[in-house]
Amino acid sequence: MTSSRLTMPGLVRSLLVWFFVVLTAAGTAQMRSSLNGTTFRNENVGLTYTLPRGFAPDPKQQIPQDPHGREFIILALWDIPRRTPVPRVTFLYETREAPAWFTPDEAALRYLRSMEPGQDYKMSEPKKVSIAGNMMWRLDYWYPDDSGQSYNSAIVIPFKDRRLLFIQMNAPTQSKLDFLIDSLRELHFDKK
């Protein structure tokens, strides 16, 4: 006669299976990144980036993350010495897929156009650029003042799977912003 109750070994096996499923689901939602010297690597996006001279991530800084797990800040860089309360460079991976009827370019443009940088900021029109063979959309906005963050660039790299990589950069001058933009020449992807 068989019993419908779970025996202790059956209960343990069921709990282990449940635990494995939960860990597997959680593991797929985590961002796998590493820093080796000045080379940053994110496995989820297949991204490799060489940090610009004079910039470093702050390992003590806790970066806020999206509580819904759709957007992940995968890298934030501050200048050395640190001069601003926010990072100079932020890489954000948007895991939510754009609707199927959007082309990757449409998704990137909608993302940029949804930005509201603030009152009195001047904004350029988004433009498509190629840096190191990577097609991306760039939108600059600025408001000259003494904050040290007057010149900004928002960059979106659309992927074929309709996900996006958003890069936010800020600097006290246009030439320093250009230096940060130029660092994207060291941005490479092994999968898109």
For [X] against [Y], the heavy-atom pair lying closest together:
| X | Y | value |
| --- | --- | --- |
| L184 | A132 | O-CB, 4.2 Å |
| F166 | A154 | CE1-CB, 3.7 Å |
| L139 | S124 | CD1-O, 2.9 Å |
| L164 | A107 | CD1-O, 4.0 Å |
| P158 | P104 | CB-O, 3.3 Å |
| T173 | K176 | OG1-N, 3.1 Å |

Side chain to side chain, [X] and [Y], heavy atoms closer than 4.5 Å:
| X | Y | answer |
| --- | --- | --- |
| M136 | I131 | yes |
| D190 | H188 | no |
| M123 | D140 | no |
| V129 | K127 | yes |
| K128 | D105 | yes |
| L165 | V156 | no |
| R113 | W137 | no |
| Y111 | E94 | yes |

For R82, is there an ion pair with D79 - N to carboxylate O distance below 4.0 angstrom?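 Salt bridge: no.
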Looking at R41 and E43, is there a salt bridge between them, counting it only when a charged N and a carboxylate O are closer than 4.0 Å?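 Judged by the 4.0 Å cut-off on N to carboxylate O distance, E43 and R41 do form a salt bridge.
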When clusters are formed by joining ILVMFWY residues with side-chain heavy atoms under 4.5 Å apart, either directly or through shared neighbours, do [X] and [Y] land in the same one?
| X | Y | answer |
| --- | --- | --- |
| F179 | I155 | yes |
| I80 | V89 | no |
| Y121 | M115 | yes |

Is the distance between the ring centroids of F72 and Y93 under 6.0 Å?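 Ring centroids of Y93 and F72 are no less than 6.0 Å from each other.
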Examine Y49 together with F40 and report whether their ring centres are nearer than 6.0 Å.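 No, too far apart.
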Any luck finding a side-chain donor-acceptor pair between [X] and [Y] under 3.5 Å?
| X | Y | answer |
| --- | --- | --- |
| N152 | W142 | no |
| R163 | T95 | no |
| S153 | R138 | yes |

Given side chain to side chain contact (heavy atoms under 4.5 Å, CB included), test F55 with R88 step by step and report yes or no. CA-CA 9 Å; F55 290 82; R88 290 284 186 196; 3.6 Å; yes
Pair E97-D161, side chain to side chain contact (heavy atoms under 4.5 Å, CB included): steps then yes or no: CA-CA 7 Å; E97 291 180 20; D161 65 0; 5.6 Å; no
Distance-only, no hydrogens or angles: does the [X] side chain make a donor-acceptor pair with backbone N or O of [Y] under 3.5 Å?
| X | Y | result |
| --- | --- | --- |
| N36 | T39 | no |
| E186 | S183 | no |
| N170 | Y151 | no |

Go through the steps to decide whether F159 and F189 satisfy the test ring-ring contact (aromatic ring centres under 6.0 Å, His included), and finish with yes or no. CA-CA 11 Å; F159 297 122; F189 296 93; 5.5 Å; yes
I'd like to know whether Q168 forms a side chain to side chain contact (heavy atoms under 4.5 Å, CB included) with L92, so could you lay out the CA-CA distance, the side-chain angles of the two residues, the decisive distance to 0.1 Å, and finally the verdict. CA-CA 8 Å; Q168 172 66 43; L92 182 137; over 6 Å; no
What's the spacing between [X] [atom1] and [Y] [atom2] if we round to 0.5 Å?
| X | Y | atom1 | atom2 | value |
| --- | --- | --- | --- | --- |
| M169 | L177 | CE | CG | 8.0 Å |
| L187 | T50 | CG | OG1 | 9.5 Å |
| L180 | S175 | CG | OG | 10.0 Å |
| N44 | S33 | CG | OG | 6.5 Å |

List the steps and the verdict of side chain to side chain contact (heavy atoms under 4.5 Å, CB included) for L75 and L51. CA-CA 10 Å; L75 178 64; L51 307 182; 4.1 Å; yes
